[in-house]
Amino acid sequence: MLKKGSKLNSILTGSCPKCQNESMYSDKNPLHLTKVLKMNDHCSHCGLKYQIEPSFFYGAMYVSYGLNVAVGIAAFIISFVFFQTTIEQSFIAIVISLIVLFPFVLRLSRNLYINMFVSYDPKAGQK
């Protein structure tokens, strides 16, 4: 499922979308909140420049919005339907889940966005 060469591998691991040999982020742990968005300038293996154009990752905000809506809906359904909480308690569950999952959604949206534009190349970085 997560074999090298699949988009899912690059999206879930945060690896370079072109060669999938190294992480795009300078710190792999998304829970280090001060470094959650710090990315390498380029891949040291294949040379892919991650910031494809100026302000490239602004488009990832739209992806992040969609992911946050999905998280909010899932939190509401789980809390309201399965745990039979009140609307107020469900709202609190939505807010807490969005706060807790913020760094993961942030990175996942960037990973999804760059993978929309860059495809895997098995020959990338080979000499």
Side-chain angles (χ1 to χ4, degrees):
M1 182 165 111
L2 287 180
K3 61 184 177 183
K4 189 173 177 178
S6 70
K7 290 267 187 201
L8 193 59
N9 177 37
S10 177
I11 290 167
L12 294 179
T13 61
S15 59
C16 172
K18 191 170 185 179
C19 69
Q20 297 184 2
N21 284 320
E22 73 172 27
S23 176
M24 293 188 295
Y25 301 96
S26 55
D27 186 1
K28 287 186 178 185
N29 188 350
L31 295 177
H32 295 151
L33 298 179
T34 57
K35 300 176 184 176
V36 72
L37 291 177
K38 298 227 187 231
M39 297 181 73
N40 299 320
D41 291 329
H42 64 280
C43 177
S44 63
H45 188 263
C46 70
L48 174 69
K49 185 178 177 188
Y50 297 129
Q51 188 84 5
I52 295 172
E53 60 186 33
S55 306
F56 174 72
F57 286 108
Y58 282 160
M61 290 188 302
Y62 296 103
V63 177
S64 179
Y65 176 77
L67 290 174
N68 281 314
V69 168
V71 167
I73 290 171
F76 175 77
I77 290 172
I78 290 169
S79 67
F80 190 73
V81 175
F82 294 119
F83 293 116
Q84 283 134 12
T85 60
T86 64
I87 294 291
E88 292 82 12
Q89 291 169 331
S90 296
F91 179 74
I92 292 168
I94 291 169
V95 171
I96 289 171
S97 64
L98 289 175
I99 290 170
V100 169
L101 295 176
F102 166 74
F104 301 103
V105 169
L106 198 61
R107 284 221 175 154
L108 185 61
S109 65
R110 280 190 168 206
N111 297 347
L112 280 165
Y113 192 68
I114 196 167
N115 273 280
M116 289 181 202
F117 298 98
V118 180
S119 296
Y120 176 71
D121 181 8
K123 296 176 185 170
Q126 293 179 356
K127 297 179 181 180

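All figures in this text were calculated on a predicted structure; none of them were measured in a lab.
- In terms of hydrophobic clustering, with Ile, Leu, Val, Met, Phe, Trp and Tyr side chains grouped at heavy-atom distances under 4.5 Å, Val36 and Met61 are assigned to different clusters.
- Nearest heavy-atom pair, Cys16 versus Cys19, reported as atom, atom and distance to 0.1 Å: SG-N, 3.6 Å.
- Residues His45 and Glu22 approach most closely at N-OE1, 4.2 Å, considering heavy atoms.
- The nearest pair of heavy atoms linking Val118 to Ile52 is CG2-CD1, 3.7 Å.
- A ring-centre distance under 6.0 Å is not found for Tyr50 and Phe57.
- Taken to the nearest 0.5 Å, the CG atom of Leu48 stands 5.5 Å off from the CD1 atom of Ile114.
- Residues Gln20 and Gly5 come closest through the heavy atom pair OE1-N, 2.7 Å.
- Hydrophobic clustering (ILVMFWY, side-chain heavy atoms < 4.5 Å, transitive): Phe102 and Leu37 are in one cluster.
- Under a cut-off of 6.0 angstrom, the local environment of NZ in Lys4 is crowded, with over 12 non-hydrogen atoms contributed by other residues, nucleotides or ligands.
- Two residues are said to be in side-chain contact when any heavy atoms from C-beta on lie closer than 4.5 Å; Lys18 and Cys43 fail this criterion.
- One finds the CG atom of Leu12 at 8.5 Å from the CG atom of Leu112 (value rounded to the nearest 0.5 Å).
- Take Ala75 and apply the side-chain contact (heavy atoms from CB on, under 4.5 Å) test, not counting sequence neighbours, and it matches Ile94, Ser97.
- Residue pairs meeting the ring pair (Phe, Tyr, Trp, His ring centres under 6.0 Å) criterion with at least one member in residues 59-79, sequence neighbours excluded, are Phe76-Phe80.
- Looking only at distances, a side-chain donor or acceptor of Ser26 sits under 3.5 Å from a matching main-chain atom of Lys38.
- Residues passing the ring-ring contact (aromatic ring centres under 6.0 Å, His included) test with Phe91: none are found, sequence neighbours excluded.
- Residues Gly72 and Leu98 share a closest heavy-atom pair of N-CD2, 4.3 Å.
- Both Phe117 and Met39 are part of a single hydrophobic cluster, where members link through side-chain heavy atoms under 4.5 Å apart.
- Taking hydrophobic clusters as Ile, Leu, Val, Met, Phe, Trp and Tyr residues chained together by side-chain heavy-atom distances below 4.5 Å, Ile96 does not share a cluster with Ile73.
- Here the CG atom belonging to Leu101 is positioned 10.5 Å from the CG atom belonging to Leu108, to the nearest 0.5 angstrom.
- The shortest distance between side-chain heavy atoms of Arg110 and Met24 does not fall below 4.5 Å.
- Residues forming a side-chain contact (heavy atoms from CB on, under 4.5 Å) with Asn29 (at least two apart in sequence, or on another chain): Asp27, Leu31, His32.
- Below 30°, between 30° and 60°, or above 60°: for Tyr113 and Phe56 the angle between ring planes is between 30° and 60°, a tilted geometry.
- Side-chain contact between Leu67 and Phe104 is absent, with no heavy atoms from C-beta onward closer than 4.5 Å.
- A chain of hydrophobic side-chain contacts below 4.5 Å, direct or via other Ile, Leu, Val, Met, Phe, Trp or Tyr residues, connects Met116 to Ile11.
- Residue Lys7 qualifies as enclosed at atom NZ: its count of foreign heavy atoms under 6.0 Å is above 12.
- With sequence neighbours excluded, the residues forming a side chain to side chain donor-acceptor pair (under 3.5 Å) with Ser15 are Thr13, listed by chain and number.
- The hydrophobic cluster containing Tyr120, built from Ile/Leu/Val/Met/Phe/Trp/Tyr side-chain heavy atoms closer than 4.5 Å, comprises no other residue.
- To the nearest 0.5 Å, atom OG of residue Ser23 and atom CG of residue Asn40 are 7.0 Å apart.
- Rounding to the nearest 0.5 Å gives a distance of 11.0 Å between CG of Leu8 and CG of Asn111.
- Scanning both residues, Gln89 and Thr85, for their nearest heavy atoms gives OE1-CB, 3.3 Å.
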